[in-house]
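To find a chain, count down the sequence lines: A is the first, B the second, and so on, and within it residues start at 1.
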Amino acid sequence: MIPAAVGYVRADSAEAAVAALGEHGDEAKLLAGGQSLIPLMRLRLARPSVLVDMGRAEDLRGISVDGDTVSIGALTSHSALEHSVELAAACPLLAHVASQVGDPAVRHRGTLGGSLAHADPASDLPAAVLALGGTLVATGPGGSREIAASDFFTGFLESALASDEVLTTVHLPVSTGGWAYQKFNRRAQDWAIVGVAVAEGGAGVSLVNMGSTPLRAAAVEAAVAGGAGASDAAAVAADGTEPPTDNNADGAYREHLVRVLTERALVAAGA
Amino acid sequence: MEVSVTVNGQVRTADVEPRTLLAHFLRDDLGLTGTNIGCDTSSCGACTVLVDGRSAKSCTMLAVQADGADVTTIEGLAGEDGLHPMQQAFHECHALQCGYCTPGMVMAAVSLVDEYSDLDADGVREGLEGNLCRCTGYQNIVKAVLAASE
(Lines give C-alpha, C1' and ligand atoms only; values in the text may rest on other atoms or scores of the structure.)
Protein backbone atom coordinates (compact mmCIF):
# COMPACT_ATOMS: atom_id res chain seq x y z
CA MET A 1 0.00 0.00 0.00
CA ILE A 2 1.08 3.54 -0.64
CA PRO A 3 1.20 6.24 2.03
CA ALA A 4 -1.12 9.23 1.75
CA ALA A 5 0.34 12.32 0.06
CA VAL A 6 2.75 14.08 2.38
CA GLY A 7 5.02 17.11 2.33
CA TYR A 8 8.73 16.71 2.89
CA VAL A 9 11.54 18.80 4.30
CA ARG A 10 15.04 17.71 5.08
CA ALA A 11 16.58 18.77 8.38
CA ASP A 12 20.24 17.88 8.68
CA SER A 13 20.62 19.01 12.31
CA ALA A 14 18.53 19.03 15.48
CA GLU A 15 18.20 22.82 15.22
CA ALA A 16 16.91 22.61 11.65
CA ALA A 17 14.45 19.92 12.72
CA VAL A 18 13.16 22.05 15.60
CA ALA A 19 12.69 24.99 13.23
CA ALA A 20 10.86 22.80 10.71
CA LEU A 21 8.57 21.39 13.41
CA GLY A 22 7.82 24.93 14.56
CA GLU A 23 6.97 26.00 11.04
CA HIS A 24 4.78 23.04 10.11
CA GLY A 25 2.91 22.51 13.37
CA ASP A 26 1.36 19.52 15.09
CA GLU A 27 0.71 17.45 11.99
CA ALA A 28 4.39 17.35 11.02
CA LYS A 29 6.28 14.21 11.97
CA LEU A 30 9.96 13.53 12.39
CA LEU A 31 11.39 10.81 10.16
CA ALA A 32 14.53 9.04 11.39
CA GLY A 33 15.01 5.50 10.03
CA GLY A 34 11.33 5.13 9.25
CA GLN A 35 11.06 1.49 10.33
CA SER A 36 8.06 2.19 12.56
CA LEU A 37 6.64 5.28 10.88
CA ILE A 38 6.64 4.13 7.25
CA PRO A 39 4.69 0.91 7.96
CA LEU A 40 2.11 3.00 9.85
CA MET A 41 1.92 5.46 6.95
CA ARG A 42 1.47 2.62 4.48
CA LEU A 43 -1.47 1.34 6.50
CA ARG A 44 -2.60 4.99 6.77
CA LEU A 45 -2.73 4.66 10.53
CA ALA A 46 -0.39 7.67 10.43
CA ARG A 47 -1.09 10.54 8.04
CA PRO A 48 1.36 13.32 8.83
CA SER A 49 1.08 16.50 6.75
CA VAL A 50 4.84 16.95 6.48
CA LEU A 51 7.78 14.63 7.10
CA VAL A 52 10.83 16.29 8.62
CA ASP A 53 13.63 13.96 7.55
CA MET A 54 16.47 13.91 10.07
CA GLY A 55 18.15 10.89 8.51
CA ARG A 56 21.23 12.83 7.45
CA ALA A 57 21.96 14.60 10.75
CA GLU A 58 25.35 12.96 11.05
CA ASP A 59 26.27 14.68 14.33
CA LEU A 60 23.43 12.78 16.01
CA ARG A 61 25.03 9.44 15.18
CA GLY A 62 27.61 7.69 17.31
CA ILE A 63 28.48 6.10 20.66
CA SER A 64 30.94 7.49 23.19
CA VAL A 65 31.93 6.44 26.68
CA ASP A 66 33.16 9.09 29.10
CA GLY A 67 33.89 7.92 32.63
CA ASP A 68 30.68 6.36 33.98
CA THR A 69 28.43 7.60 31.21
CA VAL A 70 27.62 6.19 27.79
CA SER A 71 26.26 8.76 25.34
CA ILE A 72 24.50 7.65 22.19
CA GLY A 73 23.30 9.91 19.39
CA ALA A 74 19.59 9.52 18.70
CA LEU A 75 20.19 8.54 15.07
CA THR A 76 22.52 5.66 15.91
CA SER A 77 21.17 2.56 14.19
CA HIS A 78 20.28 -0.66 15.98
CA SER A 79 22.93 -2.32 13.85
CA ALA A 80 25.60 0.13 15.08
CA LEU A 81 24.57 -0.57 18.69
CA GLU A 82 24.66 -4.31 18.03
CA HIS A 83 28.19 -4.25 16.59
CA SER A 84 29.79 -1.60 18.82
CA VAL A 85 32.76 -3.01 20.71
CA GLU A 86 32.62 -0.02 23.08
CA LEU A 87 28.96 -0.58 23.88
CA ALA A 88 29.46 -4.32 24.36
CA ALA A 89 32.03 -3.45 27.05
CA ALA A 90 30.21 -0.54 28.71
CA CYS A 91 26.57 -1.52 28.40
CA PRO A 92 26.18 -5.07 27.10
CA LEU A 93 22.43 -5.20 27.81
CA LEU A 94 21.70 -2.46 25.29
CA ALA A 95 24.00 -3.97 22.65
CA HIS A 96 22.27 -7.34 23.03
CA VAL A 97 18.75 -5.93 23.01
CA ALA A 98 19.58 -4.00 19.83
CA SER A 99 20.50 -7.31 18.19
CA GLN A 100 17.03 -8.66 19.01
CA VAL A 101 15.07 -5.94 17.19
CA GLY A 102 13.21 -7.05 14.05
CA ASP A 103 15.63 -8.46 11.48
CA PRO A 104 18.97 -7.27 10.05
CA ALA A 105 17.38 -5.06 7.37
CA VAL A 106 15.27 -3.30 10.00
CA ARG A 107 18.31 -2.90 12.25
CA HIS A 108 20.30 -1.25 9.47
CA ARG A 109 17.75 1.54 9.10
CA GLY A 110 16.04 1.78 12.51
CA THR A 111 17.44 4.17 15.11
CA LEU A 112 17.58 4.24 18.90
CA GLY A 113 16.02 7.70 19.08
CA GLY A 114 13.29 6.74 16.66
CA SER A 115 12.41 3.66 18.67
CA LEU A 116 12.28 5.63 21.94
CA ALA A 117 10.27 8.52 20.49
CA HIS A 118 7.83 6.07 18.89
CA ALA A 119 7.20 4.84 22.47
CA ASP A 120 5.73 1.49 21.51
CA PRO A 121 5.22 -0.61 24.65
CA ALA A 122 5.98 -3.71 22.53
CA SER A 123 9.40 -2.45 21.41
CA ASP A 124 12.63 -3.84 22.83
CA LEU A 125 14.88 -0.81 23.21
CA PRO A 126 12.63 1.40 25.36
CA ALA A 127 12.52 -1.32 28.01
CA ALA A 128 16.30 -1.66 27.97
CA VAL A 129 16.80 2.09 28.40
CA LEU A 130 14.27 2.05 31.25
CA ALA A 131 15.97 -0.85 33.05
CA LEU A 132 19.31 0.89 32.68
CA GLY A 133 17.97 4.14 34.16
CA GLY A 134 18.78 6.21 31.08
CA THR A 135 18.38 9.94 30.60
CA LEU A 136 17.08 11.37 27.34
CA VAL A 137 18.10 14.77 26.02
CA ALA A 138 15.56 16.74 24.00
CA THR A 139 16.15 19.96 22.10
CA GLY A 140 13.37 22.46 21.53
CA PRO A 141 13.03 26.13 20.61
CA GLY A 142 14.14 27.16 24.12
CA GLY A 143 17.20 24.91 24.27
CA SER A 144 17.84 21.46 25.65
CA ARG A 145 16.40 19.60 28.62
CA GLU A 146 16.96 16.22 30.17
CA ILE A 147 14.15 13.74 30.74
CA ALA A 148 14.56 10.62 32.88
CA ALA A 149 13.58 7.50 30.97
CA SER A 150 11.13 6.73 33.79
CA ASP A 151 9.30 10.01 32.98
CA PHE A 152 9.54 9.73 29.21
CA PHE A 153 6.86 7.20 28.28
CA THR A 154 3.50 8.81 29.02
CA GLY A 155 0.99 6.67 27.11
CA PHE A 156 0.47 4.33 24.17
CA LEU A 157 2.80 5.71 21.47
CA GLU A 158 3.01 8.91 23.54
CA SER A 159 6.13 10.43 25.02
CA ALA A 160 7.06 13.49 27.07
CA LEU A 161 8.45 15.16 23.93
CA ALA A 162 6.62 18.34 22.97
CA SER A 163 5.50 18.61 19.35
CA ASP A 164 8.41 20.95 18.61
CA GLU A 165 11.07 18.97 20.46
CA VAL A 166 13.64 16.58 19.03
CA LEU A 167 15.31 13.74 20.89
CA THR A 168 19.05 14.18 20.36
CA THR A 169 21.02 12.05 22.81
CA VAL A 170 20.56 9.13 25.18
CA HIS A 171 22.77 8.96 28.27
CA LEU A 172 23.16 5.67 30.11
CA PRO A 173 25.22 4.77 33.13
CA VAL A 174 27.99 2.30 32.38
CA SER A 175 26.37 -0.98 33.38
CA THR A 176 28.37 -4.18 33.46
CA GLY A 177 26.58 -6.00 36.29
CA GLY A 178 24.47 -9.08 35.63
CA TRP A 179 22.04 -8.50 32.80
CA ALA A 180 19.58 -10.43 30.66
CA TYR A 181 16.87 -9.91 28.11
CA GLN A 182 14.06 -12.41 27.67
CA LYS A 183 11.88 -11.92 24.60
CA PHE A 184 9.02 -14.25 23.86
CA ASN A 185 7.41 -14.28 20.46
CA ARG A 186 5.92 -16.93 18.23
CA ARG A 187 6.89 -15.66 14.80
CA ALA A 188 10.36 -14.75 13.56
CA GLN A 189 11.07 -11.01 13.53
CA ASP A 190 7.90 -10.24 15.47
CA TRP A 191 7.47 -7.93 18.42
CA ALA A 192 7.67 -9.44 21.88
CA ILE A 193 4.40 -10.88 23.19
CA VAL A 194 6.11 -10.18 26.51
CA GLY A 195 9.70 -9.18 27.18
CA VAL A 196 11.75 -8.62 30.32
CA ALA A 197 14.98 -6.63 30.59
CA VAL A 198 17.18 -6.95 33.68
CA ALA A 199 20.14 -4.71 34.49
CA GLU A 200 22.65 -4.78 37.34
CA GLY A 201 21.62 -8.14 38.75
CA GLY A 202 17.99 -7.10 39.19
CA ALA A 203 18.42 -3.50 40.39
CA GLY A 204 16.73 -2.44 37.17
CA VAL A 205 13.91 -4.54 35.73
CA SER A 206 11.53 -3.47 32.98
CA LEU A 207 8.74 -5.07 31.04
CA VAL A 208 7.77 -5.11 27.37
CA ASN A 209 4.14 -5.23 26.25
CA MET A 210 2.64 -5.43 29.73
CA GLY A 211 0.70 -2.17 29.54
CA SER A 212 0.23 0.96 27.46
CA THR A 213 3.86 1.99 28.00
CA PRO A 214 7.12 0.18 28.64
CA LEU A 215 7.04 -0.43 32.40
CA ARG A 216 9.52 -0.47 35.22
CA ALA A 217 8.84 -3.54 37.39
CA ALA A 218 9.15 -1.71 40.71
CA ALA A 219 7.84 -4.61 42.80
CA VAL A 220 10.46 -6.97 41.38
CA GLU A 221 13.24 -4.43 41.91
CA ALA A 222 12.12 -3.94 45.52
CA ALA A 223 11.99 -7.70 46.13
CA VAL A 224 15.50 -8.17 44.72
CA ALA A 225 16.76 -5.24 46.80
CA GLY A 226 15.17 -6.88 49.85
CA GLY A 227 17.10 -10.08 49.25
CA ALA A 228 14.41 -12.20 47.58
CA GLY A 229 15.55 -14.99 45.27
CA ALA A 230 14.70 -15.03 41.57
CA SER A 231 11.61 -17.17 42.02
CA ASP A 232 10.08 -15.04 44.80
CA ALA A 233 10.97 -11.76 43.08
CA ALA A 234 9.49 -12.96 39.79
CA ALA A 235 6.21 -13.86 41.52
CA VAL A 236 5.34 -10.15 41.75
CA ALA A 237 6.31 -9.31 38.14
CA ALA A 238 2.72 -8.73 37.04
CA ASP A 239 1.87 -6.51 40.01
CA GLY A 240 0.54 -3.15 38.91
CA THR A 241 0.49 -4.06 35.21
CA GLU A 242 -2.46 -3.91 32.85
CA PRO A 243 -1.40 -6.20 30.03
CA PRO A 244 -3.28 -5.94 26.75
CA THR A 245 -5.34 -8.68 25.16
CA ASP A 246 -4.73 -9.13 21.44
CA ASN A 247 -4.42 -11.80 18.75
CA ASN A 248 -1.26 -13.19 20.33
CA ALA A 249 -2.31 -13.54 23.95
CA ASP A 250 -4.86 -12.45 26.50
CA GLY A 251 -3.96 -10.45 29.57
CA ALA A 252 -4.01 -13.43 31.93
CA TYR A 253 -1.58 -15.34 29.74
CA ARG A 254 0.73 -12.32 29.64
CA GLU A 255 0.64 -12.15 33.44
CA HIS A 256 1.73 -15.78 33.58
CA LEU A 257 4.37 -15.24 30.90
CA VAL A 258 5.89 -12.22 32.59
CA ARG A 259 6.45 -14.18 35.81
CA VAL A 260 8.13 -17.01 33.92
CA LEU A 261 10.31 -14.71 31.84
CA THR A 262 11.25 -12.53 34.80
CA GLU A 263 12.46 -15.55 36.73
CA ARG A 264 14.52 -16.72 33.75
CA ALA A 265 15.96 -13.26 33.27
CA LEU A 266 16.82 -12.84 36.96
CA VAL A 267 18.53 -16.21 37.02
CA ALA A 268 20.49 -15.37 33.87
CA ALA A 269 21.48 -12.04 35.41
CA GLY A 270 22.70 -13.77 38.56
CA ALA A 271 20.05 -12.38 40.90
CA MET B 1 10.90 16.32 -5.59
CA GLU B 2 14.01 15.43 -7.56
CA VAL B 3 16.12 12.58 -6.28
CA SER B 4 19.40 11.30 -7.55
CA VAL B 5 20.29 7.74 -6.59
CA THR B 6 23.21 5.64 -7.75
CA VAL B 7 21.52 2.39 -8.74
CA ASN B 8 23.71 -0.52 -9.78
CA GLY B 9 26.56 1.90 -10.42
CA GLN B 10 24.59 4.34 -12.55
CA VAL B 11 23.33 7.70 -11.33
CA ARG B 12 19.57 7.78 -11.87
CA THR B 13 17.58 10.95 -11.41
CA ALA B 14 13.82 11.22 -11.22
CA ASP B 15 11.09 13.50 -9.97
CA VAL B 16 9.17 11.63 -7.28
CA GLU B 17 6.44 12.36 -4.77
CA PRO B 18 7.77 12.32 -1.20
CA ARG B 19 5.50 9.35 -0.44
CA THR B 20 7.03 7.21 -3.19
CA LEU B 21 8.51 4.05 -1.71
CA LEU B 22 11.98 3.06 -2.86
CA ALA B 23 10.51 -0.22 -4.15
CA HIS B 24 8.11 1.67 -6.43
CA PHE B 25 10.84 4.04 -7.56
CA LEU B 26 13.00 1.07 -8.58
CA ARG B 27 10.20 -0.83 -10.28
CA ASP B 28 8.03 1.89 -11.78
CA ASP B 29 10.42 4.76 -12.45
CA LEU B 30 13.52 2.75 -13.32
CA GLY B 31 11.90 -0.44 -14.66
CA LEU B 32 13.99 -2.63 -12.36
CA THR B 33 11.30 -5.21 -11.69
CA GLY B 34 13.66 -7.79 -10.20
CA THR B 35 12.86 -6.26 -6.82
CA ASN B 36 9.59 -7.95 -5.89
CA ILE B 37 6.89 -6.63 -3.58
CA GLY B 38 5.31 -9.36 -1.50
CA CYS B 39 3.50 -7.89 1.49
CA ASP B 40 2.10 -4.71 2.92
CA THR B 41 3.62 -5.01 6.34
CA SER B 42 7.43 -4.92 6.00
CA SER B 43 7.40 -8.62 6.86
CA CYS B 44 8.38 -10.67 3.83
CA GLY B 45 11.67 -9.19 2.63
CA ALA B 46 10.96 -9.88 -1.06
CA CYS B 47 11.86 -6.25 -1.80
CA THR B 48 15.25 -6.34 -0.03
CA VAL B 49 17.99 -4.33 -1.75
CA LEU B 50 21.37 -3.05 -0.61
CA VAL B 51 21.52 0.60 0.45
CA ASP B 52 25.12 1.70 0.89
CA GLY B 53 26.07 -1.97 1.06
CA ARG B 54 23.59 -3.08 3.73
CA SER B 55 20.24 -4.81 3.33
CA ALA B 56 17.13 -2.66 3.52
CA LYS B 57 13.48 -3.35 2.80
CA SER B 58 12.78 -1.07 -0.13
CA CYS B 59 9.07 -1.04 0.76
CA THR B 60 9.97 0.48 4.13
CA MET B 61 12.08 3.30 2.81
CA LEU B 62 11.08 6.36 0.84
CA ALA B 63 12.82 7.16 -2.42
CA VAL B 64 13.64 10.60 -0.98
CA GLN B 65 15.54 8.88 1.84
CA ALA B 66 17.72 7.18 -0.77
CA ASP B 67 18.67 10.48 -2.41
CA GLY B 68 22.46 10.42 -2.72
CA ALA B 69 22.72 6.78 -1.67
CA ASP B 70 24.23 3.82 -3.46
CA VAL B 71 21.58 1.18 -4.15
CA THR B 72 22.20 -2.31 -5.49
CA THR B 73 19.32 -4.44 -6.76
CA ILE B 74 19.37 -8.04 -7.94
CA GLU B 75 19.96 -6.76 -11.49
CA GLY B 76 23.25 -5.21 -10.38
CA LEU B 77 24.70 -8.15 -8.53
CA ALA B 78 26.25 -10.20 -11.33
CA GLY B 79 29.61 -8.96 -12.59
CA GLU B 80 31.18 -9.16 -16.03
CA ASP B 81 32.52 -12.61 -15.12
CA GLY B 82 29.06 -14.01 -14.48
CA LEU B 83 26.89 -14.61 -11.47
CA HIS B 84 27.72 -13.27 -8.02
CA PRO B 85 28.92 -16.13 -5.76
CA MET B 86 25.64 -15.95 -3.84
CA GLN B 87 23.61 -16.25 -7.03
CA GLN B 88 25.83 -19.14 -8.13
CA ALA B 89 25.33 -20.88 -4.79
CA PHE B 90 21.54 -20.46 -5.00
CA HIS B 91 21.73 -21.99 -8.48
CA GLU B 92 23.92 -24.92 -7.44
CA CYS B 93 22.00 -25.71 -4.24
CA HIS B 94 18.63 -25.30 -5.96
CA ALA B 95 17.74 -22.72 -3.33
CA LEU B 96 14.53 -21.66 -5.00
CA GLN B 97 11.19 -23.12 -5.87
CA CYS B 98 8.73 -20.56 -7.24
CA GLY B 99 11.46 -17.91 -7.14
CA TYR B 100 9.36 -15.03 -5.87
CA CYS B 101 11.34 -14.52 -2.67
CA THR B 102 14.68 -15.20 -4.39
CA PRO B 103 15.83 -11.66 -5.29
CA GLY B 104 15.21 -10.48 -1.72
CA MET B 105 16.70 -13.65 -0.25
CA VAL B 106 19.87 -13.25 -2.32
CA MET B 107 20.28 -9.56 -1.44
CA ALA B 108 19.65 -10.21 2.26
CA ALA B 109 22.12 -13.11 2.18
CA VAL B 110 24.83 -11.01 0.52
CA SER B 111 24.47 -8.43 3.28
CA LEU B 112 24.29 -11.09 6.01
CA VAL B 113 27.51 -12.82 4.95
CA ASP B 114 29.26 -9.47 4.77
CA GLU B 115 28.00 -8.38 8.20
CA TYR B 116 28.43 -11.52 10.30
CA SER B 117 31.52 -13.72 10.30
CA ASP B 118 31.54 -17.42 11.21
CA LEU B 119 27.91 -18.01 10.29
CA ASP B 120 26.51 -21.46 11.00
CA ALA B 121 23.14 -22.84 9.95
CA ASP B 122 21.37 -21.35 12.98
CA GLY B 123 22.98 -17.98 12.32
CA VAL B 124 21.81 -18.04 8.71
CA ARG B 125 18.27 -18.95 9.72
CA GLU B 126 18.19 -16.18 12.29
CA GLY B 127 19.84 -13.72 9.94
CA LEU B 128 17.26 -14.39 7.24
CA GLU B 129 14.29 -14.19 9.60
CA GLY B 130 13.09 -11.10 7.77
CA ASN B 131 12.75 -12.97 4.48
CA LEU B 132 9.85 -15.35 3.98
CA CYS B 133 9.73 -18.22 1.47
CA ARG B 134 6.11 -19.19 0.93
CA CYS B 135 7.27 -22.46 -0.69
CA THR B 136 9.03 -23.15 2.64
CA GLY B 137 12.22 -23.97 0.76
CA TYR B 138 14.46 -22.84 3.56
CA GLN B 139 16.63 -25.95 3.75
CA ASN B 140 18.38 -25.34 0.45
CA ILE B 141 18.48 -21.58 0.99
CA VAL B 142 20.45 -22.12 4.19
CA LYS B 143 22.73 -24.58 2.34
CA ALA B 144 23.36 -22.04 -0.40
CA VAL B 145 24.17 -19.19 1.98
CA LEU B 146 26.56 -21.41 3.93
CA ALA B 147 28.20 -22.54 0.69
CA ALA B 148 28.62 -18.95 -0.48
CA SER B 149 29.96 -17.83 2.89
CA GLU B 150 32.90 -20.26 2.76
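- Counting heavy atoms from C-beta on, the side chains of A:Leu31 and B:Leu62 come closer than 4.5 Å.
- Between chain B and the options A:Gly7, A:Gly33, A:Ala5, heavy-atom pairs under 4.5 Å are most frequent for A:Ala5.
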Using only distance (under 3.5 Å, no hydrogens or angles), which donor-acceptor pairs connect chain A and chain B?
from: B:Arg19; atom 1: NH1; to: A:Pro3; atom 2: O; distance (Å): 3.0
from: B:Asp40; atom 1: OD1; to: A:Met1; atom 2: N; distance (Å): 2.3
from: B:Asp40; atom 1: OD1; to: A:Arg42; atom 2: NH2; distance (Å): 3.3
from: B:Ser43; atom 1: O; to: A:Gln189; atom 2: NE2; distance (Å): 2.6
from: B:Ser55; atom 1: N; to: A:His108; atom 2: ND1; distance (Å): 3.4
from: B:Ser55; atom 1: O; to: A:His108; atom 2: ND1; distance (Å): 2.7
from: B:Ser55; atom 1: OG; to: A:His108; atom 2: ND1; distance (Å): 3.2
from: B:Lys57; atom 1: NZ; to: A:Asp103; atom 2: OD2; distance (Å): 2.7
from: B:Lys57; atom 1: NZ; to: A:Gln189; atom 2: OE1; distance (Å): 3.3
from: B:Cys59; atom 1: O; to: A:Arg42; atom 2: NH1; distance (Å): 3.1
from: B:Thr60; atom 1: O; to: A:Gln35; atom 2: NE2; distance (Å): 3.1
from: B:Val64; atom 1: O; to: A:Arg56; atom 2: NH2; distance (Å): 3.4
from: B:Gln65; atom 1: O; to: A:Arg56; atom 2: NH2; distance (Å): 3.2
from: B:Asp67; atom 1: O; to: A:Arg56; atom 2: NH2; distance (Å): 2.7
from: B:Asp67; atom 1: OD2; to: A:Arg10; atom 2: NH2; distance (Å): 3.2
from: B:Glu115; atom 1: OE1; to: A:His108; atom 2: NE2; distance (Å): 2.6
from: B:Glu115; atom 1: OE2; to: A:Ser79; atom 2: OG; distance (Å): 3.4
from: B:Glu115; atom 1: OE2; to: A:His83; atom 2: NE2; distance (Å): 2.6
from: B:Tyr116; atom 1: OH; to: A:Glu82; atom 2: OE1; distance (Å): 3.3
from: B:Tyr116; atom 1: OH; to: A:Glu82; atom 2: OE2; distance (Å): 2.4
from: B:Tyr116; atom 1: OH; to: A:Arg107; atom 2: NH2; distance (Å): 3.2
from: B:Glu129; atom 1: OE1; to: A:Gln189; atom 2: N; distance (Å): 2.9

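- Of the two parts of B:Ala108, neither the backbone nor the side chain holds a non-hydrogen atom closer than 4.5 Å to a non-hydrogen atom of chain A.
- Looking at A:Leu43, only its side chain comes within 4.5 Å of chain B, counting heavy atoms on both sides.
- Note: B:Cys59 leads B:Cys39, B:Cys59, B:Gly68, B:Gly127 in heavy-atom pairs under 4.5 Å with chain A.
- With a 4.5 angstrom heavy-atom cutoff, B:Met1 touches chain A only via side-chain atoms.
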